[in-house]
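A, B, ... follow the sequence lines: proteins, then strands. Residue 1 opens every chain. Quick note: numbers below take in every heavy atom, side chains included, and nothing from hydrogens, waters or symmetry partners.
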Amino acid sequence: MRKIIKNSYLLISVFMLLILAACGNDTTTTDGNDSEAEKTDGPVSAKIGVISYLTGPGAAYGEAITNGFNLALEEINEKGEVKIELDIQDSAGKQEQALSVAQKLMSSDDIVAILGPTLSTEMNVVGPEADMNGIPIMGTSTTAAGIPQIGEYVFRNSLPESLAIPAALEKAVEKFDAKSVAILYGNDDLFTKSGFDTMKAVAEDMGLDIVTIETFQKGQSDYNALLTKIKDLNPDLILASALYNEGAVIMDQARKMGIEVPFIGGNGFNSPQVIEIAGPASEGLIVATPWFGDKEDPKVQEFVGKYEAKYGKKPDQFAAQAYDALYIMAEGLKNAGEADRDALRDALAEIKDLDGVLGKFSFDEEGDVVMDPTVLVIKDGKFQLFE
Amino acid sequence: MVLELKNVTKNFGGISALTDVSFTINEGEIFGLIGPNGAGKTTMFNVITNMFLPTSGEINFLGEKISGTKPHKITDKGICRTFQNIRLFSQMTVLENVLVGRHCRSKSGVFSSVFRTKSQQSEEAMTREAATELLDLVGLSDYEDVIAENLAYGQQRRLEIARALASNPKLLLLDEPAAGMNETETENLFDLIKEVQKKGVTVLLIEHDMPFVMKLCDRITVLNFGKKLAEGTPEEIQNNKDVIEAYLGSEEDDDLDA
Amino acid sequence: MLLEQLINGITLGSIYAIVALGFTLVFGVLGIINMAHGEIFMFGAFIGVIVTSVMGLPLWVAFIAAIAVTAVLGYMLERIALRPLRGKQGVSHLAPLISTIGVSILLENLSHHLFGAGNQPFRNAFAEIQIQIGSITIYLVQILIFVISVALMLALSYWLSKTKAGKALRATAENLETASLLGVNTKRTITTTVIIASVMGGIAGILVGMAFNSVNPQMGLSMGLKGLAIIILGGMGNVKGAMAGGLLLGIAETLIVAYGDSGYRDAVAFITIIFILLLRPQGLFGKNTAESGR
Amino acid sequence: MLGELLNPYHLQIVSFVLINIILGISIYITLSSGQLSLGNAGFMGIGAYTSALLTINFEVPIILGIILGALVAGIFGILIGIPALRLSGVYLAIATLGFGEVMRVIFVNWESVTQGAIGLSGVPHLGREVFKTLTAIGFDPEILGLKNNQFIYLIVVSILLLINIFIVWFFVRQNKSRVGRAFAAIKMDEKAAESMGIDITYYKVLSFTQGALLAGFAGALYAHVMAYISPADFAYHRAIEILIFSVFGGSEVIWGAIFGAAFMTIMPEALRFISEYRYMIYGAILILMMAFRPQGIIDVSLLQWFKKIIKFRKGTDHGTGIKKRH
């Protein structure tokens with residue numbers, strides 16, 4: 001009798017396994033042979049896959065990104081020049097899952113392009129696969145070096161650190177007449193490590209004296225030791241390649257310790273959250289960004305207004321980049337004139353000076369971003385243009 | 001002379017568990033080691049099998065010094081033991097327990113085992129044959145596939161002896177083999193040990209069941225507080241004043257009558 | 001600079017020590033490594049944030065709330081993850097390790113949902129009070145942390161060696177069955193222990209929040225792993241060893257950042273424990289017993 | 001026909017299942033001699049980095065790279081396994097956990113070789129390389145009615161499947177031999193095993209090394225299936241995931257680790273909607289399993305029950321002479 005109870009465990013689990021396998025099978029079926037039909041006349045209709053970081057510690061990024069997509073989607077479909085459908089999938093920020101999901105999207109014939117994934121680590125895995133299968137893929141938040149170089153089907157519209165950091169650094173050095181810098185970076189994260197590599201190269205190019213290079217790890221709470229060391233070396237500027245979570249805490253502890261010099265951050269440091277976490281200690285953070293929500297541009301203000309009305313919060317750079325990305329896709333589809341992967345790729349590569357909320361946008365020959373970043377500084381409790 | 005202990009002393013911290021104990025065991029003997037609880041009998045076993053290193057003194061087995069040799073090497077040389085509180089491989093089957101006992105008499109390694117070379121196959125067959133014979137000897141042939149912990153207590157004791165015998169020992173150490181057994185079981189055990197002796201195995205046993213010891217053993221050594229109190233044939237021991245006093249003086253005064 | 005770095009090191013070390021005291025207490029009595037301790041610590045910190053920054057209540061309320069919540073967590077840990085395994089036949093000694101790992105994963109991800117993944121600031125006027133000595137700034141919080149950790153250590157060793165409850169605890173640690181035969185209510189003793197240890201974690205959480213103004217769900221993991229390293233460094237179950245080990249590690253980490261490579265900061269703890277375990281399994285301050293480490 | 005059946009998405013998941021099964025077995029094999037190693041993520045990383053670096057920098061063939069990766073991990077296994085003998089139980093678990101963390105810190109900091117957190121991209125892909133070789137000699141997957149990526153993942157899955165079958169066969173046979181019995185004896189009672197003449201040192205190091213070797217092997221395969229690795233892939237969470245494979249599936253028998261790895265890999269894919277709660281469920285599984293079924297889903301008696309049913313079906317059940325007491 002006890003045997004039977006015991007073994008029911010196994011039966012149940014086997015049964016569950018079967019059900020799960022069955023579920024896995026079903027989810028890929030889609031009701032889409034309409035792409036062929038739409039080809040002849042009327043607007044181009046296409047389905048685009050989205051891979052986003054929707055669950056787990058970085059879910060906030062994925063949420064902002066998908067919000068940006070959805071807002072753009074509504075507007076584009078309303079205009080009616082092209083008709084787009086999105087298939088949004090979660091990757092939980094993990095390479096394995098991103099790759100699985102990408103396979104799922106790529107193997108479905110009516111998906112013409114992929115937006116995402118969120119993290120550069122994921123793109124490093126998904127990019128080569130997409131390139132080999134000949135499906136255009138565009139990152140909206142992948143800023144690490146080398147992403148568009150993966151292949152000719154790989155694009156991005158996120159401002160790489162190699163554009164953002166020199167812009168911020170040049171302006172700051174000029175303004176403060178800085179000679180020496182200390183560099184801080186999170187060494188266990190692709191994003192911040194990649195930002196650091198750029199920072200170091202730029203600082204060396206500019207002939208700045210790097211007094212020290214210090215590292216920290218994700219989730220660290222005590223930065224006193226390295227800040228004390230930096231304080232002692234007394235640099236003119238501190239370059240911090242950090243995500244805003246750690247970055248804000250670093251600024252807070254630095255100001256407490258009496259370090260008053262400006263901080264220059266990378267893309268990941270650029271978030272209103274910094275002000276929220278560090279409060280007055282965040283004053284003096286300089287970042288370069290494609291996105292400035294207070295820009296006096298009707299296009300920008302319209303986007304901010306709509307976004308706020310719909311999602312109840314101000315859009316950040318991730319939302320803005322995603323919003324523009326879908327417009328880029330729509331433009332590409334319109335120019336391609338058909339829902340075809342290769343045609344779309346060629347059309348995307350041709351895009352020049354497209355007006356978006358981030359400014360004028362073009363791809364260079366590698367599929368990377370060409371645009372002028374805006375340099376901002378935190379002053380009086382908010383981001384302002386840094387002049 | 002199979003085993004020779006010369007002035008063996010074992011200290012734990014400041015407390016000495018064995019002090020200057022010497023005795024010798026001759027080939028083919030059944031040798032008893034008795035004494036009140038805490039007299040150092042099990043410590044003696046642990047020292048002989050080198051689970052503990054003796055603090056001083058020397059132990060010779062078949063004329064070879066063995067103190068300082070690793071326990072598994074000692075088994076290899078021909079000493080194997082059972083435990084006071086039965087330490088079978090409780091989740092294994094009866095047969096598997098005996099097969100493990102055969103470990104040091106076989107030598108196939110990872111690759112010969114996985115690829116089942118000819119020599120491995122014949123070795124495995126021989127191992128199984130020997131194990132089956134031993135189970136026959138201890139009367140457990142019907143229980144080959146039973147998980148060891150499901151055996152009755154007396155059967156577990158016998159299985160432990162079979163497992164120890166599987167290593168072809170020249171000297172078998174039995175730690176209270178009759179403990180917890182009923183009369184029939186004890187009688188069977190008596191026959192079994194005699195049978196083992198006939199096969200040419202020397203036996204050293206610790207036992208509290210005095211009539212059993214007196215009947216079974218050729219010679220006996222008495223330990224008390226880690227010191228050797230007396231040594232001799234069963235009659236000599238039974239009539240030894242010191243021994244009687246030690247047992248009467250100890251809390252377990254029923255030991256002699258049991 | 002050395003002096004300032006030493007202060008940094010002692011502050012960090014004192015926090016490590018309080019976390020380690022919680023580990024060591026549970027290990028001393030139950031022989032279990034409570035892998036969930038770091039996450040309970042993190043919960044304590046979050047409660048502190050919610051009470052002070054979000055609800056705007058005074059600091060002492062935060063302490064009480066954190067103590068209450070971590071006490072409940074401690075009770076649930078004992079009830080759900082530890083008690084069912086105790087005295088059960090055929091349960092390996094690794095079972096409690098694995099089940100507390102389960103609790104830690106559960107709590108970490110629960111806090112993602114409850115508090116969000118990001119850093120929460122711990123705003124409190126008390127954290128701003130500072131004392132200026134020459135060029136060196138010392139925050140009152142830093143002194144407080146050190147004092148609390150020393151006080152907890154002293155109280156704990158007094159409690160264990162002098163009071164009746166403490167003796168019951170030690171008897172339980174010696175031998176569960178014997179203690180219950182002697183009339184010690186072992187069930188209650190164990191529950192008390194786990195609760196006290198958890199509360200110490202909660203207190204450490206608030207102190208970290210105040211000292212570093214940063215609370216996030218991942219802090220439990222890194223703090224927990226450090227705590228583990230410390231109890232091995234100081235000898236398992238050794239109260240004074242945990243204190244000394246904590247301070248030592250805090251200072252060592254600070255100095256490696258100050259004079260070495262900050263990238264290897266996290267490795268210091270683990271390289272040390274690997275060496276300690278191999279060379280002196282009883283820990284730096286443990287007694288040398290024949291069977292330790294086996 | 002074949003082309004419609006083979007969905008690259010499913011093939012992809014199967015390939016992860018197969019790699020995870022090797023990881024599950026790696027922790028099982030160390031546990032089978034009674035040692036809990038939480039350092040397998042570290043060994044996995046050693047295997048992955050070794051093979052990736054050799055193939056990228058020295059153009060070593062993938063197969064050789066993978067084998068060398070496994071061997072290097074195995075050598076580290078010996079180096080760690082010998083001193084770790086002095087430790088048992090929780091001490092061993094913590095020391096190995098520490099080892100895993102140290103490895104991760106080294107991968108992060110040794111930037112000149114490992115590129116730190118940037119990771120190694122452009123690791124030769126197992127499937128794509130084979131595909132390239134085959135197309136070079138004029139083979140076209142169209143013959144089989146397959147698209148390129150279908151074919152590539154079919155190659156990956158077939159290779160992994162063959163490897164898995166070999167590994168399972170290897171360890172099933174080992175378990176039934178003198179070596180497997182020695183492992184089991186040490187796990188059940190180390191002192192008694194020693195008294196039975198088993199060289200504990202040798203067998204414990206052997207099983208620890210086998211576990212490290214397998215983990216390194218799985219890591220090397222992982223590198224060539226993902227084509228990108230970074231230190232975060234081999235962190236604490238990976239160690240816990242591997243532990244869960246074995247604890248959930250059953251730590252006493254090899255089939256437990258296999259079942260656990262398969263189930264735990266497929267579950268989050270099949271139930272994507274719960275993926276938000278995935279880790280919470282992992283946590284709960286660990287707690288509940290320890291409380292109610294510490295040996296895991298699949299254990300010895302379940303397997304015996306299965307065998308009996310199969311025998312019964314075949315009508316050849318003569319009774320095994322099992323007489324249970326109590």
J.: May I have the step-by-step check of side chain to side chain contact (heavy atoms under 4.5 Å, CB included) for D:His237 and C:Leu221, ending in yes or no?
T.: CA-CA 10 Å; D:His237 283 102; C:Leu221 177 62; 4.3 Å; yes
J.: Between D:Val90, D:Ile94, D:Ile285, D:Ile80, which residue shows the highest count of heavy-atom pairs closer than 4.5 Å to chain C?
T.: D:Ile94
J.: Report yes if the side chains of D:Met290 and C:Leu82 come closer than 4.5 Å at any heavy-atom pair, otherwise no.
T.: no
J.: Which atoms of C:Ile98 come close to chain D, meaning under 4.5 Å heavy atom to heavy atom: side chain ones, backbone ones, both, or neither?
T.: both
J.: Do D:Tyr236 and C:Leu225 have side chains that approach each other closer than 4.5 Å (heavy atoms only, starting at C-beta)?
T.: yes
J.: Measure distances from D:Leu97 to the heavy atoms of chain C and classify the residue's part below 4.5 Å as side chain, backbone, both or neither.
T.: side chain
J.: For chain D, which of C:Leu97, C:Ile80, C:Ile101 has the most heavy-atom pairs under 4.5 Å?
T.: C:Ile101
J.: At a heavy-atom separation under 4.5 Å, does D:Ala291 approach chain C through its side chain, its backbone, both, or neither?
T.: both
J.: Using the rule given for side chain to side chain contact (heavy atoms under 4.5 Å, CB included), can you reason through D:Met280 versus C:His112, listing the C-alpha separation, both sets of side-chain angles and the distance that settles it, and then say yes or no?
T.: CA-CA 10 Å; D:Met280 283 164 86; C:His112 275 302; over 6 Å; no
J.: Does any heavy atom of chain D fall under 4.5 Å from the side chain of C:Leu107, the backbone, both, or neither of them?
T.: neither
J.: In chain order, what residues pass the side chain to side chain contact (heavy atoms under 4.5 Å, CB included) check against C:Ile251, with sequence neighbours excluded?
T.: C:Leu6, C:Ile10, C:Leu255
J.: Is it the side chain or the backbone of C:Phe27 that comes within 4.5 Å of chain D heavy atoms, both, or neither?
T.: side chain
J.: Pick whichever of D:Asn109, D:Leu243, D:Ile244 has the most heavy-atom pairs under 4.5 Å with chain C.
T.: D:Asn109
J.: Quick one: what part of D:Ile82 sits under 4.5 Å from any heavy atom of chain C, side chain, backbone, both or neither?
T.: neither
J.: Heavy-atom distances under 4.5 Å only: say whether D:Ile240 touches chain C with side chain, backbone, both or neither.
T.: side chain
